[in-house]
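Atoms considered below: every heavy atom in the structure, side chains included; atoms not considered: hydrogens, waters and symmetry mates. Below, chains carry the letters A, B, ... as their sequence lines are ordered, and counting in each starts from 1.
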Amino acid sequence: MPNPPRLRRSFFNRSVHEVAPELIGATLLVDGAGGVIVEVEAYHHTDPAAHSYTGRTLRNAVMFGPPGYAYVYRSYGIHWCINFVCEQEGSASAVLIRALQPTEGLAVMRRRRGLHDDRALCSGPGKLCQALGITIRHNELPLDRPPFELRARREAPDIARGVRIGITKAAEKLWRYGLRGSPFLSKPFKP
DNA sequence: ATGAAGATGAAT
DNA sequence: TTCATCTTCATC
């Protein structure tokens, strides 16, 4: 079987609420390590919880640029988290990548994480950035060129929808998406 | 200049 | 449930 096509930048040039569920099942690799995206969250700029909600700053500047770029930010002074910028330039909306099913580069990911339990390797936004070696150096890089490799899913998976995690503002919306039943989620979805 | 909060994770 | 750890951004 040939590899599915790489995601082009145009894939991200539409509503963040369309892109987010379609990323479930896609494959994300960084320098050859990574796996299948099993959990994401959508952040539209009109959402009070979005980093871009109160306007452009140094940190969120890439969100205001064209779609198809990485937005990496520091979380709680400790972790890195990665988003994919979506929608037309100026919209400032993005999808947070929350969990992967590890498939490629398991050895290097286990070493970076100091773990052997593959279910704990990429089951959270901070964890997967540590496993894939994502840091601020990846901020503002295009997603359709190395070190990134993004491939479309082969077929539509069974997608679970739920309220977002770790958010107090506007958490009531069903803007978290996941691969139903996957053991690699950061948290299970309620049935 | 200062400080409170934060799209988390790991340990208790 | 607590805490590590520190950048960001609003406010003073």
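- Between A/R8 and A/D144 there is no salt bridge, since none of the side-chain N atoms of the basic residue sits less than 4.0 Å from a carboxylate O of the acidic one.
- Put simply, CG on A/D117 is 14 Å from C1' on B/dA10, counting in whole angstrom units.
- Contacts of A/T54 with the nucleic acid, taken as non-hydrogen atoms under 4.0 Å apart, involve only primed sugar atoms and P, OP1 or OP2.
- Classification of A/R164 and A/D47 as a salt-bridged pair holds, one side-chain N sitting under 4.0 Å from a carboxylate O.
- Summarising the geometry, the separation between CG on A/L96 and P on B/dG6 is reported as 16 Å, rounded to the nearest angstrom.
- In summary, A/D117 and A/R110 do not engage in a salt bridge, as defined by a charged side-chain N under 4.0 Å from a carboxylate O.
- For A/L115 and B/dA11, the CG to P distance is 9 Å, given to the nearest whole Å.
- A/L100 pairs with exactly one of A/V36, A/L132, A/V38 by the side chain to side chain contact (heavy atoms under 4.5 Å, CB included) rule, that one being A/L132.
- Remark: side-chain polar atoms of A/E104 are not paired, donor with acceptor, to backbone N or O of A/L29 under 3.5 angstrom.
- In this structure, A/M63 places its CE atom 12 Å from P of B/dA7, rounding to the nearest Å.
- Using a 4.0 Å cutoff on non-hydrogen atoms, the parts of residues 70-87 of chain A near DNA chain C are A/Y76, A/G77, A/I78, ordered by number.
- With rounding to whole Å, A/I136 atom CD1 is found 13 Å from C/dC6 atom C1'.
- Residue A/R176 is classed as having no contact, given no heavy-atom separation below 4.0 Å to the nucleic acid.
- Cation-pi geometry between A/R176 and A/F189 is satisfied (NZ or CZ under 6.0 Å from the ring centre, within 45° of the ring normal).
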- [ ] Please test A/Y177 against A/R98 for side-chain hydrogen bond (donor to acceptor under 3.5 Å, both in side chains), starting from the C-alpha separation and ending with a verdict.
- [x] CA-CA 9 Å; A/Y177 301 93; A/R98 286 197 56 91; over 6 Å; no
Open item on the list: Pair A/Y73, A/H51 - check ring-ring contact (aromatic ring centres under 6.0 Å, His included), show working.
Closed with: CA-CA 10 Å; A/Y73 71 94; A/H51 285 173; 4.7 Å; yes
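- The interatomic distance linking A/L58 (CG) with C/dA10 (P) rounds to 13 Å, in whole Å.
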Task: Base-pairing string, 5' to 3', of DNA chain B - Watson-Crick or wobble, under 3.5 Å, | interstrand - done: ||||||.||||.
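- Nucleotides B/dA5 and C/dT2 place their P atoms 16 Å apart, quoted to the nearest Å.
- Side-chain atoms of A/L121 and A/L106, non-hydrogen and from C-beta on, do get closer than 4.5 Å to each other.
- Distance from the side chain of A/R59 is smallest for C/dT8 among the nucleotides C/dT8, B/dA10, B/dT8.
- In this structure, CD1 of A/I165 is placed 8 Å from P of B/dT8, rounded to the nearest angstrom.
- A straight line from OH of A/Y53 to P of B/dA5 spans 19 Å, rounded to a whole angstrom.
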